[in-house]
Amino acid sequence: MNNILKIISGFFIPLLIRPKKNIIIFTFDRNSFKFNTKALFEYALDKQQYEIKYIINNDLLRNSLKKEYGDHFITTNSYSDLKIISSARCWITDGGFPLKTPFNHKNRLLINLWHGIPLKKSWFERLLWFWMVEGLFNFKNVFTTL
């Protein structure tokens with residue numbers, strides 16, 4: 001997809017598509033599968049409560065990961081995948097968000113795992129981790145109340 005069309009599409013498609021409660025999108029930098037998002041992605045796959053997708057734009061890596069994990073990998077270079085990303089109720093990232101758009105986030109949970117929080121190894125970090133993991137994967141009311 002042409003870069004200008006990709007940017008325009010990624011910016012405006014969320015205006016037309018409302019988030020669905022059962023889709024979670026994971027991303028690191030759109031070309032890597034590692035760190036916190038990888039760990040939570042694998043955990044979410046084990047739970048099998050939601051439709052789980054991970055954004056990888058590198059075709060070779062995406063195809064390799066599909067062979068290992070199944071059809072859970074998408075790209076921002078496809079209109080159909082941009083629709084899936086736009087329809088996700090939750091974006092979990094270790095860096096930037098998958099689409100650069102100001103639209104339709106009021107119905108979406110945005111979680112940035114970037115470098116953690118300043119209070120590492122504290123009770124607050126453990127409490128936050130418990131809330132994120134238990135809230136996302138065990139208590140369905142998190143998505144029904146958003």
Side-chain angles (χ1 to χ4, degrees), residues 1-117 120 125-146:
M1 180 188 316
N2 179 322
N3 280 340
I4 294 172
L5 283 177
K6 183 173 104 174
I7 292 168
I8 292 170
S9 298
F11 190 82
F12 286 108
I13 285 177
L15 269 175
L16 307 172
I17 299 175
R18 299 199 51 81
K20 298 175 185 172
K21 294 183 180 188
N22 65 335
I23 301 174
I24 300 176
I25 297 292
F26 291 86
T27 183
F28 179 73
D29 63 1
R30 294 184 221 118
N31 286 308
S32 303
F33 182 61
K34 58 186 174 182
F35 303 138
N36 294 329
T37 51
K38 178 183 177 184
L40 279 175
F41 171 82
E42 290 172 338
Y43 182 81
L45 283 181
D46 287 341
K47 288 294 188 178
Q48 298 180 350
Q49 290 179 330
Y50 302 99
E51 182 179 344
I52 305 297
K53 299 292 183 182
Y54 200 107
I55 299 171
I56 298 288
N57 285 344
N58 179 313
D59 293 337
L60 293 175
L61 178 59
R62 188 174 58 257
N63 291 333
S64 171
L65 290 168
K66 280 183 178 182
K67 288 177 185 173
E68 184 177 348
Y69 290 93
D71 191 25
H72 298 284
F73 296 88
I74 59 178
T75 177
T76 58
N77 296 325
S78 155
Y79 288 115
S80 60
D81 288 348
L82 286 175
K83 290 178 187 176
I84 293 170
I85 295 165
S86 296
S87 68
R89 181 63 157 195
C90 180
W91 290 351
I92 300 175
T93 180
D94 253 345
F97 291 112
L99 300 179
K100 307 298 185 211
T101 180
F103 304 116
N104 212 4
H105 292 313
K106 68 180 180 178
N107 298 318
R108 179 175 291 119
L109 179 62
L110 305 170
I111 300 174
N112 191 342
L113 303 173
W114 189 43
H115 283 287
I117 60 173
K120 290 201 182 285
E125 182 183 37
R126 289 186 190 110
L127 180 65
L128 181 63
W129 178 256
F130 175 79
W131 174 82
M132 281 182 10
V133 172
E134 295 300 321
L136 284 176
F137 303 114
N138 291 335
F139 301 122
K140 291 186 179 189
N141 64 346
V142 169
F143 288 106
T144 59
T145 58
L146 291 177

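All of these numbers come straight from a predicted model, not from anything done at the bench. In what follows, residues are counted from 1 in the order of the sequence shown.
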Does the side chain of [X] reach to within under 4.5 Å of the side chain of [Y], using non-hydrogen atoms?
| X | Y | answer |
| --- | --- | --- |
| W91 | L109 | no |
| T93 | F28 | no |
| N57 | R30 | yes |
| L65 | I56 | yes |
| Y69 | E42 | yes |
| L82 | S80 | no |
| I25 | C90 | no |
| I85 | T27 | no |

Original post:
Is the gap between the ring centers of F41 and F35 under 6.0 Å?
Top reply: no
Original post:
Is the distance between the ring centroids of F33 and Y54 less than 6.0 Å?
Top reply: yes
Subject >> Intermediate values then yes/no, side chain to side chain contact (heavy atoms under 4.5 Å, CB included), I55 and F26 >> reply: CA-CA 6 Å; I55 299 171; F26 291 86; over 6 Å; no
Ignoring hydrogens and geometry, is there a side-chain-to-backbone donor-acceptor pair from [X] to [Y] under 3.5 Å?
| X | Y | answer |
| --- | --- | --- |
| R62 | F73 | no |
| D94 | D29 | no |
| H72 | K53 | no |
| K66 | L61 | no |
| N22 | E51 | no |
| S32 | K34 | no |
| S87 | K83 | yes |

Original post:
Distance from S64 atom OG to D59 atom CG, nearest 0.5 Å?
Top reply: 12.5 Å
Original post:
Considering all heavy atoms of both residues, which atom of N31 and which atom of N58 are nearest to each other, and what is their separation?
Top reply: OD1-N, 3.2 Å
**OP:** Indicate the atoms forming the closest heavy-atom contact of T76 with P98, along with that distance.
**Re:** CG2-O, 4.0 Å
**OP:** Apply side chain to side chain contact (heavy atoms under 4.5 Å, CB included) to the pair L40 and L113, showing each step before the final yes or no.
**Re:** CA-CA 10 Å; L40 279 175; L113 303 173; 3.5 Å; yes
